[in-house]
Amino acid sequence: MVATIKQELDGLDVVAKLKYLAEKHEGKIVFSTSFGWEDQVVTHLIFSNNIPIKVFTLETGRLFPETYYVWNRTLEIYQQPIHAYFPQSDLLQNMVDVKGPSSFYESVENRKECCYIRKIEPLKRALAGNEIWITGIRADQSANREGMEDVEWDEGNGLFKFHPIFDWTLADVKQYVKDNNIVYNTLHDKGFPSIGCAPCTRAVAQDEDFRAGRWWWEDQSKKECGLHT
């Protein structure tokens with residue numbers, strides 16, 4: 001089935017690909033945004049072309065102020081909804097009551113528990129009942145993502161994933177943002193190539209890996225939260 005979708009999309013430009021999938025999977029196609037460079041590009045492609053794809057975000061409760069600013073400005077500019085999915089309050093309260101607000105620094109297991117409660121479980125609710133999940137993933141973001149394809153079957157969530165700008169370089173993304181005057185997170189200008197929750201994200205040096213600023217206290221091989229593995 002992956003091969004079939006890839007064949008159907010072959011030769012289409014990025015907007016045409018999104019329109020085709022939205023028509024074929026009407027009401028069952030979603031895009032997840034975390035308001036980074038790539039996601040702002042895809043949001044622009046969807047909203048500016050009135051493509052009927054539901055846009056959602058995971059409101060972890062620990063985002064940067066700059067991220068909330070981009071979120072709000074995006075709503076103002078496009079006048080289209082971005083649906084927020086929150087952690088289950090009982091799960092979050094129990095974790096914080098038992099382990100405190102910063103348990104993720106203490107072990108990989110604790111960090112994965114926090115990611116599960118704040119991101120993975122809400123994501124499963126956001127994806128439930130859908131057939132296509134659109135993302136802003138690019139191949140050169142990390143070694144893990146280089147091994148992906150632009151169309152994939154997500155066994156864990158039971159749907160197909162499509163990465164419309166998978167083959168774009170960071171330079172392509174930045175140029176598109178500039179050319180289309182797209183609002184973006186100013187943390188990108190301060191050395192943050194990848195922006196997640198504030199306690200778990202730092203700026204990186206020019207020669208460091210794209211994901212080096214995420215969970216920097218952990219071994220390099222563990223730099224995924226589980227959303228895209």
Check: Tyr176 and His44 side chains under 4.5 Å, non-hydrogen atoms: yes
Within-4.5 Å side-chain heavy-atom neighbours: Lys54 and Ile29: no
Using every non-hydrogen atom in the two residues, find where [X] and [Y] come nearest and quote the distance to one decimal.
X: Leu45; Y: Ile51; value: O-CD1, 3.7 Å
X: Cys197; Y: Thr60; value: SG-OG1, 3.1 Å
X: Cys200; Y: Trp216; value: C-CZ3, 3.5 Å
X: Pro193; Y: Val204; value: CD-CG2, 3.6 Å
X: Val2; Y: Trp153; value: CG2-N, 3.8 Å
X: Gly136; Y: Glu38; value: O-CB, 3.2 Å

Is it true that [Y] and [X] share a donor-acceptor pair across their side chains at a distance under 3.5 Å?
X: Asp154; Y: Asn157; value: yes
X: Asp140; Y: Thr169; value: no
X: Tyr68; Y: Glu59; value: yes
X: Glu152; Y: His163; value: yes

State yes or no: are the ring centers of [X] and [Y] separated by less than 6.0 Å?
X: Phe162; Y: Trp133; answer: no
X: Tyr85; Y: Phe56; answer: yes
X: Phe104; Y: Trp215; answer: no
X: Phe64; Y: Phe192; answer: yes

Supply the atom-to-atom distance [X] [atom1] to [Y] [atom2], rounded to the nearest 0.5 angstrom.
X: Ile46; Y: Ile53; atom1: CD1; atom2: CD1; value: 4.0 Å
X: Tyr69; Y: Thr186; atom1: OH; atom2: OG1; value: 8.5 Å
X: Phe47; Y: Ile77; atom1: CZ; atom2: CD1; value: 11.0 Å
X: Lys19; Y: Asp13; atom1: NZ; atom2: CG; value: 8.5 Å
X: Trp168; Y: Asp172; atom1: CH2; atom2: CG; value: 7.0 Å
X: Asn94; Y: Ser89; atom1: CG; atom2: OG; value: 11.0 Å

Check this for me, if you would: do [X] and [Y] make a salt bridge, where the nitrogen-to-carboxylate-oxygen distance has to be below 4.0 angstrom?
X: Glu76; Y: Arg73; value: yes
X: Lys99; Y: Glu113; value: yes
X: Arg125; Y: Glu121; value: yes
X: Glu218; Y: Lys112; value: no
X: Glu8; Y: Lys24; value: yes

Do [X] side-chain atoms and [Y] backbone N/O form a donor-acceptor pair below 3.5 Å?
X: Asn185; Y: His188; result: no
X: Asn130; Y: Ile132; result: no
X: Tyr105; Y: Arg111; result: no
X: Thr74; Y: Val70; result: yes
X: Gln80; Y: Leu75; result: no
X: Thr57; Y: Thr33; result: yes

Counting only heavy atoms not in Glu208, do more than 12 fall under 6.0 Å of its CD? yes
Enclosure of Lys6 NZ (heavy-atom neighbours >12, cutoff 6.0 Å): yes
Evaluate the side-chain contact (heavy atoms from CB on, under 4.5 Å) criterion for residues Leu123 and Lys119: first the C-alpha distance (whole Å), next the side-chain angles of each, then the deciding distance (0.1 Å), finally the verdict. CA-CA 6 Å; Leu123 176 71; Lys119 300 170 73 173; over 6 Å; no
Cluster question for you: counting only ILVMFWY and a side-chain heavy-atom cut-off of under 4.5 Å, with indirect links fine, are [X] and [Y] together?
X: Phe31; Y: Ile182; result: yes
X: Val177; Y: Ile82; result: yes
X: Trp37; Y: Leu63; result: yes
X: Val42; Y: Tyr78; result: yes
X: Leu12; Y: Ile134; result: yes

Would you check, one step at a time, whether the test side-chain contact (heavy atoms from CB on, under 4.5 Å) holds for Leu18 with Asn49? CA-CA 10 Å; Leu18 290 169; Asn49 291 285; over 6 Å; no
Would Arg138 and Phe166 satisfy side-chain contact (heavy atoms from CB on, under 4.5 Å), going step by step from the backbone distance to the final call? CA-CA 4 Å; Arg138 293 186 300 103; Phe166 187 72; 5.8 Å; no
Trace of the side-chain contact (heavy atoms from CB on, under 4.5 Å) decision for Met95 with Cys114: CA-CA 8 Å; Met95 179 183 69; Cys114 188; 3.9 Å; yes
